[in-house]
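Report on the following structure.
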Amino acid sequence: MALPVFSGGFRAARLSGMVPARRGRWAGGDDREEDEMAKRTVVTMPGDGIGNVVLPEAIRVLDAVGFEAEYVEAGIGWKHWVEEGNPLPEKTVELIAKHKVALFGAITSKPKDKAAEELRPELRDKGFVYFSPIVALRQRFDLDISIRPCTAFPGNPLNFVRRGADGGLEEPPVDAVVFRQNTEGLYSGVEWTNPPAQVREALATHPKFRRFTEVPPEDLAISTRIFTRAACRRICEEAFAYARRHGYSSVTICEKPNVLRETSGMMVEEGRTVKADYPEIDLWETNIDAQMMWLTKNPEDYGVIVAGNMFGDIISDGFAGLVGGLGFAASANIGREVGVFEPTHGSAPKYAELDPPIVNPIAMILSAAMMLDWLGEEAKARRIREAIAAVVAEGRVRTYDMLKLRGGPRAIEQGAATTTEMTDAIIAKLG
Ligand code: IPM
Ligand code: MG
């Protein structure tokens, strides 16, 4: 399959293409029959709260743009935790393993104690431990590459503005794409309170652990930050390849190697190795703390940004805040075989039951467009993004977040569009 080509024009079209379909299942290496390939089956996981509101809206847009697929719904989230002690049912895992592509809405995550309290009484004290099902999904299918584009749509009143030297307001064109390592680091899940004796002994071989040897084990909490060279290499390779394909002039490795010498150090090392094959692209190295400051001063300087799991989580929300916030933040979780596409917002339970619904469906719809790119349907993806751009630029239909209103039933009478009105407006602009 030919690589997606950036055709210029509208800036968001730069996002039309991502880890290309050659890495997706449709481009070969699949043993299914041709005719079965023609009609895709997409697993849908609305999950909790507003996931159930926005996901059907994305499907309406996919239908309207002429994407032919069957959808099979799979359960995930809080309800399954409470009822089954497992927020990621095996049936869901099987469906994803079979169909290889999924849309995901949102899930509710709560801390350990709260999660345990809400379990069905029969399941309590049986050793069930809550672990975020989206994090589990990323690990289960080795969806190690998370892509989070943060591109401002011109005309969005939520875009970042700053004061220029002459005191006037300027709106720099933010167009960054975060490549977040999605399966390792602080999210590995290797952690303890009251770690076993062997763990303490192993740690005691490190001179820096001496300070902690007298701490009673029950007062000791440890979360590990594990990086592997292969995963660091892959995220850097994907980031540079994307930068080349989409005409970005720099890749920034955003870590903290001055303190986290081993893990961040390994990411930087791999970034430098990969860079050698990309003479036309600059490699910048930043520390996460300074990067968070710079992104509020000169966000337009950054293009592709690579970070480990935790820093990638932080910096992608940081950049999302400059281009409209979570209502605009789409993401792809991509492995060698499977792709799961999700908005990065949460489940916002307090808005889930509002009738009519008021939440902004754009992040979910943009995530569906990322799915189309991955499936090799770049033209349809581009049409969706251009339709969103047209609606935003026109400014007639705006959800409550875009009007900076407080969310709630009154938002509609204050002039906010409903979720469905926003989707309708986008559909009406599909060229
Ligand atoms: C994200 C979210 C998740 C994460 C949560 C819901 C576990 O914040 O996708 O960015 O931390 O990865
Ligand atoms: Mg996050």
Side-chain angles (χ1 to χ4, degrees), residues 1-24 143-152 172-182 230-255 257 264 266-288 291 294-295 298-309 311-313 315-316 318-320 322-323 329-336 339 366 369-370 373-374 376 378 381-382 385:
M1 139 142 319
L3 294 184
V5 178
F6 167 49
S7 56
F10 170 59
R11 268 179 343 106
R14 293 179 76 152
L15 309 177
S16 68
M18 44 169 35
V19 173
R22 69 188 151 84
R23 295 180 196 282
L143 309 176
D144 62 328
I145 309 292
S146 169
I147 308 178
R148 302 184 158 196
C150 299
T151 301
V174 179
D175 181 13
V177 186
V178 176
F179 273 67
R180 168 187 184 188
Q181 203 299 322
N182 215 23
C232 293
R233 174 67 64 93
R234 231 173 89 77
I235 192 82
C236 291
E237 281 174 351
E238 293 296 344
F240 271 98
Y242 186 99
R244 174 172 284 171
R245 223 163 35 239
H246 297 278
Y248 287 96
S249 61
S250 68
V251 171
T252 302
I253 309 278
C254 172
E255 274 291 322
S264 293
M266 183 177 280
M267 185 68 89
V268 169
E269 243 173 64
E270 292 308 306
R272 290 177 188 170
T273 303
V274 175
K275 193 286 184 255
D277 292 333
Y278 292 85
E280 81 282 17
I281 297 173
D282 291 334
L283 171 66
W284 297 342
E285 298 172 12
T286 58
N287 288 331
I288 177 71
Q291 180 70 72
W294 285 325
L295 71 79
N298 48 330
E300 73 275 30
D301 289 355
Y302 297 93
V304 173
I305 299 169
V306 177
N309 212 338
F311 296 165
D313 182 42
I315 201 165
S316 58
F319 269 100
L322 306 176
V323 299
S331 79
N333 303 278
I334 291 173
R336 287 187 165 80
L366 285 171
M370 294 184 86
D373 281 330
W374 187 69
E378 293 91 350
R382 191 160 46 236
R385 279 188 278 259

Option passing salt bridge (charged side-chain N to carboxylate O under 4.0 Å, His left out) with Asp144 (candidates Arg336, Arg233, Arg234): Arg234

Closest approach of Ala369 to Ala381 (non-hydrogen atoms, all atoms of both residues): O-CB, 3.4 Å

Side-chain touch Arg272/Val268, heavy atoms, less than 4.5 angstrom: yes

Spatial distance of atom OG1 (Thr286) from atom CD1 (Ile253) [nearest 0.5 Å]: 9.0 Å

Nearest heavy-atom neighbours spanning Val323 and Thr151: CG1-C, 3.8 Å

Donor-acceptor pair, side chain of Lys275 and main chain of Ile281, under 3.5 angstrom: yes

Sub-4.5 Å side-chain heavy-atom contact between Asn287 and Pro257: yes

Least distance between heavy atoms, Met266 atom then Cys232 atom: CG-SG, 4.1 Å

Parallel, tilted or perpendicular, as decided by the 30° and 60° cut-offs, for the rings of Tyr302 and Phe319: perpendicular

Side-chain (Glu237) to main-chain (Val274) donor-acceptor, under 3.5 angstrom: no

Least distance between heavy atoms, Gly308 atom then Arg180 atom: O-CG, 4.1 Å

Contact summary for Ser316 and Arg148, nearest pair of heavy atoms: OG-NH1, 3.0 Å

Atom pair CD1 (Ile334) and CG (Asn182), whose distance is rounded to the nearest 0.5 Å: 10.0 Å

Residue of the set Arg385, Arg382, Arg245 for which salt bridge (charged side-chain N to carboxylate O under 4.0 Å, His left out) holds with Asp373: Arg385

Asp301 side, atom CG; Ser249 side, atom OG - distance, nearest 0.5 Å: 9.5 Å

Minimum side-chain heavy-atom gap Glu280-Tyr278 below 4.5 Å: yes

Side-chain touch Asp277/Phe240, heavy atoms, less than 4.5 angstrom: no

Interatomic distance, Ile315 atom CD1 to Thr252 atom OG1 [nearest 0.5 angstrom]: 8.0 Å

Approximate separation, where rounding is to 0.5 Å, of Ser146 OG and Gln181 CD: 9.5 Å

Nearest heavy atoms of Leu322 and Pro299, plus distance in Å: CD1-CB, 3.5 Å

Distance in Å, Glu270 CD paired with Cys236 SG, rounded so as to fall on 0.5 Å steps: 7.0 Å

